[in-house]
Amino acid sequence: MTPGKGSGRDTALSERPALDPPSWFTEQANVQDPSITERFEDDWPDCWAAAADLLEWDREYDAVFRGSEEPPFEWFPGGRLNASYNCLDRHLPERKNQLALIWEGHLGESRSYTYRELYREVNAFAAALRERGVTQDDVVTVYLPMVPELPVTMLACARLGVRHNVVFAGFSADALAERMERTGSEYLVTCDGYYRRGSAVAQKNKADNARIAVEQAVEVVVVDSLGLDVHLGEGYHDYDSLLERHRGTDVEPVPRAADDPLFRIYTSGTTGEPKAVDHTTGGYLAHVAWTSQSVLDIKPDDTYWCSADIGWITGHSYIVYGPLALGTTTVLYNGTPDHPEKDRLWELIDRYAVDVFYTAPTAIRAFMKWGEEYPAEHDLSSLRLLGTVGEPIDRRAWEWYREHIGGGECPVVDTWWQTETGAILVSTLPGVDEMKPGSAGKPLPGIETAVVDPAGQAVEQGTAGELVVTRPWPGMPKSLLAGERWGEAATRGDEWRYYPEDGVVEDDDGYLTFLGRVDDAINVAGRRFSTMELESTVAGVPGVAEAAVVGADHPTTGTAIYAYVSPERGRSEEHLREEIEAAVADAIGEMATPREIVFTPDLPKTRSGKVMRRLLTAVANDEELGDISALRNPAILGELRTTTSNR
Ligand code: 6R9
C-alpha cells in the first residue's frame with residue numbers, strides 16, 4: 001500500500017498535522033515529564049512498579065516480573081491483594097463521603113453512592129453470595145444492564161476472590177446459555193427487566209430460558225429494577241431481600257495472588273467465535289489503574305464518564321476497576337445517546353460537570369450525523385480531556401469531537417487496546433505528547449510493538465503491516481501468561497509475540513495509525529488496499545457521516561470495492577457520489593474507485609458498536625449471512641439487500 005501523495009486530501013496514511021496539548025492541560029496533567037518513555041525503557045520490567053504502586057498490596061510482590069523470553073510469565077509474583085479493597089476500603093479514610101458512583105437511568109431517574117455507601121452495599125451482597133455457598137472455584141455470571149447493582153456484584157465477587165463473568169444484557173438467552181455452559185457457571189445475577197429506548201425488555205424471561213438450556217443447576221438472584229413483580233420460583237432469590245438480611249455485615253476482603261483470576265470475559269465477536277479471556281488480579285488492576293491515571297488523566301476529584309457498557313471490556317477496565325482504584329467519581333448511564341433527545345449525553349455532561357469523557361468512534365460518527373446543534377445547546381466547559389476507543393477514528397471525526405465536544409481546546413486521546421490486552425497499550429500521553437488526528441500514537445511507556453508482514457518480518461517504516469506486541473505487559477490475560485497462543489500466532493516463528501490481528505502503519509515519529517482488522521484488507525487484482533485508508537478517504541468527504549468499504553465478487557473485475565455510505569442529514573446523494581469517486585481516485589488511485597456506492601441510513605454493527613464488514617460483503621455477494629447473533633440492528637440488512645440488488 002502506498003500512502004496517498006500530493007492530493008491534499010485526507011487518507012489514513014497521509015502525513016498528519018501535529019497538535020501540541022495546551023499548556024493549561026499539561027500543567028495539571030498526571031504525567032508531565034517527557035522522559036517517562038526513556039525511563040521506562042531503561043528500567044524495564046521494573047518500570048511497571050509504578051503501576052503496582054498505585055495499589056495497596058496485602059503482601060508485597062517479590063519481583064515486578066518473572067520470566068524469560070518465553071512464557072510462562074508472571075507479573076508481581078509473590079504479591080497478594082484484593083481488588084474490592086483497592087477500589088473501596090482504602091479510599092474510606094480520605095473520601096468516604098465523596099461520590100463513587102453516579103447512576104443515571106432512563107428518563108430522569110438517578111441514584112448516587114458515596115464510597116461509604118458503595119462499600120456497604122458491596123459488603124452486604126458479598127455476605128449474601130457467601131451465604132449462598134459461592135466459593136473461589138465458582139464463576140458468578142452477571143446479566144444486568146447498566147444499573148448500580150452491576151458494579152456492586154462485580155466488586156462483591158472480587159471481595160470474595162470469586163470470578164465474575166459479565167454477559168452483555170442485550171445478548172439473547174442462547175448467547176447467555178452458551179457462555180454460562182462453557183464456563184460451568186452455577187450462579188447468575190440478573191434483573192426483572194429494563195428500559196431500552198422507551199420500551200421494556202423482559203430480562204428475567206431471557207435468563208429463565210438460559211437457565212433451562214444449560215446442563216448445570218443454576219441459582220439466580222434477581223434485582224428488582226422495574227418493579228415488575230416477577231415470579232421467583234425454586235432456586236431464585238430476590239436481591240433486595242438478600243441485601244436487607246446482610247446489611248451492616250463487613251466481609252473481610254480475600255487476598256488473592258497477583259496472577260489469580262479476577263474475572264472472565266468473552267470477546268465481543270466482531271470476527272469469529274467469542275473466546276473466553278481471564279484477567280488477573282494484580283497485573284490487570286495495576287495496568288488499568290496506571291493507564292487511567294496516565295492516559296485518561298483521572299484525578300480523585302474528577303467526575304469521569306465512560307459511555308461504554310460494562311458488558312464489554314472497556315466498561316470493566318474504565319468504568320469500574322480503573323476509576324474506582326483511583327478513588328474518583330465514575331458515571332454510569334443506563335440509556336441511549338438519543339433518548340429522549342439527541343442531546344442526552346451533553347445534558348448529562350453539563351449537569352454533572354464531567355471532567356473526562358471517554359467514548360467510541362461509532363458514537364462520535366452518530367453525533368456528527370445528528371448535527372452540532374445538540375452539543376451546542378449545553379455548557380460542556382467542564383471537560384478537560386476526551387478519549388476514544390473501539391475502532392480507528394478518521395481525522396474528520398477526531399476533529400469534530402475536539403471542536404464540538406471539546407470546545408476546540410480539550411486534548412483527545414485515541415486509545416488502542418483489546419479485550420485480550422485488558423488495558424490500553426497504544427495512545428498518546430496527553431500531558432506529554434503531541435496529537436496527530438486520526439493516528440492513535442505510540443506504544444505506551446513500557447510497551448513494545450513492531451509492524452510486520454504476513455511472514456512475521458518487520459516492514460519498513462511507513463509501510464502498512466500487522467501489529468505485534470513483542471514484550472509482555474502487566475494486563476495480559478492468564479492464557480497468554482501461560483503461553484497459550486491464539487489465532488495464527490503459533491505458526492509465525494519461534495519467538496514469543498502476541499498478534500492482535502490489527503493492520504497498522506508507523507510514521508517517522510513512531511506514531512501508529514490503525515487500519516482495521518487484518519482480515520478486512522481488500523485485494524483488487526493482486527493489489528491490497530487497506531480498508532481503513534479507503535474508509536478514511538470516503539469519510540473525509542464533507543457530508544459523509546460514516547462509511548464502510550468491503551471487497552465483493554464482481555462479474556467483470558473479480559473483486560470490486562463496495563462503499564456503504566451514511567450521509568449527514570440533508571445531503572444530495574448524487575453530489576456525494578461524485579465527490580467520493582473523485583476523492584478516492586485522487587487520494588489512492590483510479591483502481592480503488594468504488595464499483596458501487598450504496599447510501600444507507602446506518603451500517604450493520606455489533607452490539608458493542610463495531611461495523612460488521614463480513615455482513616456487508618455477504619450482502620454485496622448476495623450470500624448467506626451466517627451467524628448474526630452479535631448484530632445489533634438486523635433490520636438494516638433487509639434494507640441494504642434491497643438497495644444493493646436494485647443497483
Ligand atoms: C477495547 C476494545 C478490539 C479491537 C482491536 C481493534 C479495535 C480498539 C481501537 C481500535 C483502532 C483504536 N480497536 N481500539 N482500532 N483504533 N483506538 O475495543 O476491545 O472489543 O476486544 O476490540 O477493536 O481492531 O483489535 P475489543
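One-based numbering along the sequence shown.
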**OP:** Would you kindly check if the NZ (Lys) or CZ (Arg) of R179 is within the cone defined by 45 degrees around the ring axis of Y143 and under 6.0 Å from the six-membered ring centre?
**Re:** no
Original post:
Do T415 and Y358 have a side chain donor and acceptor closer than 3.5 Å?
Top reply: yes
**OP:** Establish, from distance only, whether the side-chain atoms of S35 and D33 form a donor-acceptor pair under 3.5 Å.
**Re:** yes
Original post:
Do you see a donor-acceptor pair shorter than 3.5 Å between the side chains of T419 and T267?
Top reply: no
Original post:
For W57, is the NZ or CZ atom of R80 found under 6.0 angstrom from the centre of its six-membered ring and inside 45 degrees of the ring axis?
Top reply: no
Original post:
Can you name the residues that form a salt bridge (Lys or Arg N to Asp or Glu O under 4.0 Å) with D309, not counting sequence neighbours?
Top reply: none
Original post:
Going by distance alone, is a donor N or O of one side chain under 3.5 Å from an acceptor N or O of the other, for T183 and S185?
Top reply: no
Original post:
For N165 and Y266, does a side-chain donor sit closer than 3.5 Å to a side-chain acceptor?
Top reply: no
Subject >> Any donor-acceptor pair under 3.5 Å from T281 side chain to D260 backbone >> reply: yes
Original post:
Where the side chain of N86 meets the backbone of A83, is there a donor-acceptor pair that is under 3.5 Å apart?
Top reply: no
**OP:** Could you note down all residue pairs passing ring pair (Phe, Tyr, Trp, His ring centres under 6.0 Å) where residues 436-461 supplies at least one of them, sequence neighbours left out?
**Re:** none
Original post:
F171 vs W312 aromatic rings, parallel, tilted or perpendicular, using cut-offs 30° and 60°?
Top reply: perpendicular
**OP:** State whether the number of non-hydrogen atoms from other residues, nucleotides or ligands found under 6.0 Å of E181 atom CD is greater than 12.
**Re:** yes
Subject >> Given F76, W473, W44, W48, the one that forms ring-ring contact (aromatic ring centres under 6.0 Å, His included) with F65 >> reply: W44
Original post:
Can a cation-pi geometry be assigned to K442 and Y511, taking NZ or CZ under 6.0 Å from the six-membered ring centre and within 45° of the ring axis?
Top reply: no
Original post:
When you look at E56 and Y85, which way does the side-chain contact (heavy atoms from CB on, under 4.5 Å) test go after all the steps?
Top reply: CA-CA 8 Å; E56 235 177 88; Y85 176 88; 2.9 Å; yes
Subject >> H316 and F263 aromatic centres sub-6.0 Å >> reply: yes
**OP:** Apply the test side-chain contact (heavy atoms from CB on, under 4.5 Å) to residues E391 and F514: give CA-CA distance (whole Å), side-chain angles for both, the deciding distance (0.1 Å), then the verdict.
**Re:** CA-CA 8 Å; E391 282 186 299; F514 283 87; over 6 Å; no
Original post:
For H246 and F125, what are the C-alpha separation, side-chain angles and deciding distance, and is it a side-chain contact (heavy atoms from CB on, under 4.5 Å)?
Top reply: CA-CA 7 Å; H246 295 279; F125 195 50; over 6 Å; no
**OP:** Decide if the gap between the ring center of Y113 and the ring center of Y119 is smaller than 6.0 angstrom.
**Re:** no
Original post:
So, Y318 and T291: side-chain donor and acceptor under 3.5 Å apart, yes or no?
Top reply: yes
Subject >> Trace of the side-chain contact (heavy atoms from CB on, under 4.5 Å) decision for D509 with K436 >> reply: CA-CA 11 Å; D509 300 322; K436 301 190 187 188; 2.5 Å; yes
Original post:
With D297, which residues qualify under salt bridge (Lys or Arg N to Asp or Glu O under 4.0 Å), at least two apart?
Top reply: K299, R384
